[in-house]
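These numbers come from a predicted model, not from an experiment. Worth knowing before you read on, the calculation uses all heavy atoms, side chains too, and leaves out hydrogens, waters and symmetry mates. Indexing begins at 1, ligand by ligand and atom by atom, following the structure's order. One-based numbering along the sequence shown.
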Amino acid sequence: MNPFAQAFGFLHWIGISHYLNLLLVGFMVRSGLEILSAHPKLYWRDDCNPGSEWLRLSRKKMPADRLWTGADEETAFSSFIALPGRRNLGMGRHWHFFCAIFWILNGLVYVGLLFGTGQWRRLVPTSWGIFPEAARDVWTYLHFHAPPAGHPYNAIQQLTYASVVFVLAPLLMLTGAAMSPAVAARFPWYVRLFGGRQPARSIHFLSLVAMVAFTFVHVLLVAVEDFPRNMAWIIHGDYSSERVAVWIGVAGLGVVLVLHVWATLFSLKHRRSVQRWLGWVIEPMRRALLHHVTSRQRYTEDDISPFFRVNGYPPASAEYQRLAERGFIEWRLSVGGLVEAPLELSLADLRALPKQTQITKHHCIQGWSAVGEWAGVAVAEMLDRCRPLPSARYLVLRGFDELDGRGYYETIDLELARHPQTLLAYEMNGAPLPIPHGAPCRLRVETQLGFKMVKYLRSIELVEDYHQLGDGQGGFREDTQFYGQEAGI
Ligand SMILES: Nc1nc2c(c(=O)[nH]1)N[C@H]1C(S)=C(S)[C@@H](COP(=O)(O)O)O[C@H]1N2
Ligand SMILES: [Mo]
């Protein structure tokens with residue numbers, strides 16, 4: 001008997017890992033669909049040109065005669081298919097990453113035990129003969145007969161199981177990692193392995209479809225073949241006590257269903273709690289893995305996207321409009337808070353500082369991307385001039401725009417602020433920053449998602465802590481859309 005079977009008496013480790021897998025994959029499929037609903041379009045190119053999507057799950061049409069934004073393209077999926085549904089990207093992401101952590105751990109334990117116990121022989125084909133054998137089995141299935149039982153699987157089952165465990169699951173993990181802006185910024189070659197961020201996103205989705213199809217057929221076959229006998233094997237690891245196994249199996253499925261309903265309703269009602277509790281697990285992990293990674297992007301002019309989406313409409317305030325009308329001559333960026341030397345920088349002052357240019361890929365949290373060239377002053381240069389006090393830990397960047405009475409703001413810590421490609425950009429693609437993209441000056445933090453990069457900058461304040469600002473979550477979108485403060489994924 002293996003140690004797990006001993007510890008749990010009647011439970012077999014294959015049963016436990018299958019059960020956790022069913023639970024976690026279900027949660028990840030539904031939260032993944034929630035994420036997709038934020039930008040329900042899939043592309044093969046990272047420019048995400050409107051109209052170039054190969055899959056569109058929305059009927060919304062963007063106007064041709066006025067500015068529209070990525071947020072306008074967002075749709076709501078039903079809570080029956082998405083976790084939690086109803087346009088809750090923040091919630092979908094928390095569930096997706098939370099479950100991903102445990103799914104990977106479960107997968108590692110499963111594969112470890114598979115090899116540790118010799119069970120891998122049932123799963124991994126060891127001879128080329130498997131292929132003609134599988135073809136014969138397909139032929140038999142096509143005639144609606146069951147092929148002869150294998151030992152214990154027939155060739156086609158063995159091939160399918162092996163490819164789910166050793167191809168599909170790793171592919172989901174690898175393409176998932178390729179969608180992290182921090183990974184893409186530090187290792188552009190890694191993303192290129194999949195053909196780019198959008199191909200990785202498309203492959204991730206297609207793998208999800210394959211996973212759902214497999215699970216469906218697998219469960220169906222287990223059920224129609226010999227349900228009690230199969231349940232006994234899954235749960236006990238042998239063919240004893242079939243009746244107990246059936247009951248445990250049915251009860252287990254009931255628990256999965258209840259958990260889905262609970263998580264959906266709870267996430268719709270208590271979004272701040274979900275953000276806090278799941279964030280408590282996810283954020284330290286995200287921070288440890290990705291926070292210290294610096295951007296090493298060096299795209300070429302040929303890579304620059306002909307079309308670059310906008311997110312966040314230009315400020316409606318009279319103050320901003322007046323500044324814009326006069327070409328931002330009177331605009332000043334105030335830098336204050338916990339600094340030795342507060343600054344008031346005009347555009348001319350910024351232009352007089354050392355100029356840095358970078359061509360990078362922008363990752364919006366909703367899923368779209370685009371490549372642009374940005375020029376401006378490194379935030380590190382600005383910090384050298386205002387000299388933060390020892391107690392300063394975060395930069396609070398505020399924009400001129402307001403939504404529902406809240407000013408747009410985001411926070412980044414001093415480490416991110418000092419990264420070499422963290423920039424106060426006043427030019428885009430060789431021209432002064434256009435108004436929709438944040439004129440006269442915006443932040444670029446190239447390892448992070450787009451929402452951290454405040455446009456229409458008004459001020460920068462150095463603070464010790466951000467919890468006393470707004471709703472205390474570290475930014476406008478963290479406060480109102482329940483995103484995580486750490487945006488490397
Ligand atoms: N002031 C301000 N900055 C903002 C936003 C906003 O709404 N207001 N949206 C953010 C989001 S979600 C993204 S993806 C990027 C989009 O930058 P772009 O409009 O230049 O594409 O800006 C970020 N900065
Ligand atoms: Mo975004």
Colleague: Please compare R458, Q481, H437 and report which has the shortest non-hydrogen distance to atom 20 (O) of ligand 1.
Modeller: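 Residue with the shortest heavy-atom distance to the ligand atom: H437.
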Colleague: Quick one: look up the protein heavy atom nearest atom 23 (C) of ligand 1 and list residue, atom name and how far away it is.
Modeller: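 Here the nearest protein heavy atom works out to G450 O, 3.2 Å.
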Colleague: May I ask you to identify, for D401, whether its side chain, its backbone, both or neither come under 4.0 Å of ligand 1 on a heavy-atom basis?
Modeller: side chain
Colleague: Run the salt-bridge test on R93 and E34 with the 4.0 Å N-O cut-off and return the result as yes or no.
Modeller: no
Colleague: Determine, for R398 against E461, whether the closest basic-nitrogen to carboxylate-oxygen distance falls under 4.0 angstrom.
Modeller: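 E461 and R398: salt-bridged.
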Colleague: Against heavy atoms of V310, which atoms of ligand 1 measure under 4.0 Å?
Modeller: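 That gives atoms 19 (O), 21 (O) of ligand 1.
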Colleague: Would E486 and R286 pass as an ion pair if we require N to O under 4.0 Å?
Modeller: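 No, no charged N to carboxylate O under 4.0 Å.
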Colleague: Answer yes or no: is there an ion pair linking E464 with R393, defined by an N-O contact shorter than 4.0 Å?
Modeller: no
Colleague: Salt-bridge test for D384 and R418: reply yes if a basic N is under 4.0 Å from a carboxylate O, no otherwise.
Modeller: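 Salt bridge between D384 and R418, a charged N being under 4.0 Å from a carboxylate O: yes.
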Colleague: Using 4.0 Å as the upper bound for N to carboxylate O, is an ion pair formed by E381 and R385?
Modeller: yes
Colleague: Against heavy atoms of F308, which atoms of ligand 1 measure under 4.0 Å?
Modeller: 21 (O)
Colleague: If you count the atoms of ligand 1 from 1 in the order shown, which ones are under 4.0 Å from a heavy atom of C364?
Modeller: 14 (S)
Colleague: Please answer whether the main-chain N or O of P50 pairs with a side-chain N or O of E53 as donor and acceptor at a distance below 3.5 Å.
Modeller: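 No; judged by distance alone, with no hydrogens or angles, the pair does not exist.
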Colleague: Closest non-hydrogen protein atom to atom 14 (S) of ligand 1, residue and atom name please, with distance?
Modeller: H362 NE2, 3.3 Å
Colleague: Run Y161 and H218 through ring pair (Phe, Tyr, Trp, His ring centres under 6.0 Å) and show every step you take.
Modeller: CA-CA 9 Å; Y161 297 165; H218 182 52; 5.1 Å; yes
Colleague: Inspect the contact between D72 and K60 and indicate whether a charged nitrogen and a carboxylate oxygen are less than 4.0 angstrom apart.
Modeller: no
Colleague: Which bit of R477 is near ligand 1, meaning a heavy atom under 4.0 Å away: side chain, backbone, both or neither?
Modeller: side chain
Colleague: Show me which atoms of ligand 1 lie under 4.0 Å from any heavy atom of Y456.
Modeller: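 What qualifies from ligand 1 is 1 (N).
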Colleague: Have a look at Y320 and tell me which of F328, Y313, W331 forms a ring pair (Phe, Tyr, Trp, His ring centres under 6.0 Å) with it.
Modeller: F328
Colleague: Ligand 1 and Y313, any nitrogen or oxygen pair closer than 3.5 angstrom?
Modeller: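 Between Y313 and ligand 1, no N or O pair is found under 3.5 Å apart.
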Colleague: For ligand 1, which atoms, with element, lie under 4.0 Å from some heavy atom of P436?
Modeller: 19 (O)
Colleague: Nearest protein heavy-atom contact for atom 6 (C) of ligand 1: which residue, which atom, what distance?
Modeller: Y408 CE1, 3.3 Å
Colleague: Rounded to the nearest 0.5 Å, what's the gap from CG on L57 to CG on L42? Could you check?
Modeller: 7.0 Å
Colleague: I need the contact type for F451 against ligand 1. Using non-hydrogen atoms and a strict under-4.0 Å cut-off, is it side chain, backbone, both or neither?
Modeller: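 The part of F451 near ligand 1 is both the backbone and the side chain.
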Colleague: Can we say E478 and K452 salt-bridge, meaning some charged N sits less than 4.0 Å from an Asp/Glu carboxylate O?
Modeller: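 The answer is yes: the pair qualifies as a salt bridge.
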Colleague: Considering only heavy atoms, does A370 approach ligand 1 within less than 4.0 Å through its side chain, its backbone, both, or neither?
Modeller: neither
Colleague: Of the backbone atoms (N, CA, C, O) and the side-chain heavy atoms from C-beta on, which set of Q366 has a member under 4.0 Å from an atom of ligand 1: side chain, backbone, both, or neither?
Modeller: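 Looking at Q366 and ligand 1, no heavy atom falls under 4.0 Å.
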Colleague: Who gets closest to atom 17 (O) of ligand 1 by heavy atom: E402, R309, R442?
Modeller: R442
Colleague: Nearest to atom 24 (N) of ligand 1, what protein heavy atom do you find, and at what distance?
Modeller: M453 O, 2.9 Å
Colleague: Among all protein heavy atoms in this structure, tell me which lies nearest to atom 3 (N) of ligand 1, with the distance rounded to 0.1 Å.
Modeller: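 For this ligand atom, the closest protein heavy atom is K455 N, 2.8 Å.
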Colleague: Any idea which atoms of ligand 1 are less than 4.0 Å away from a heavy-atom of W368?
Modeller: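 Heavy-atom distances to W368 below 4.0 Å select 14 (S), 21 (O).
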Colleague: Side chain or backbone of Y483 under 4.0 Å from ligand 1, or both, or neither, by non-hydrogen atoms?
Modeller: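 Neither part.
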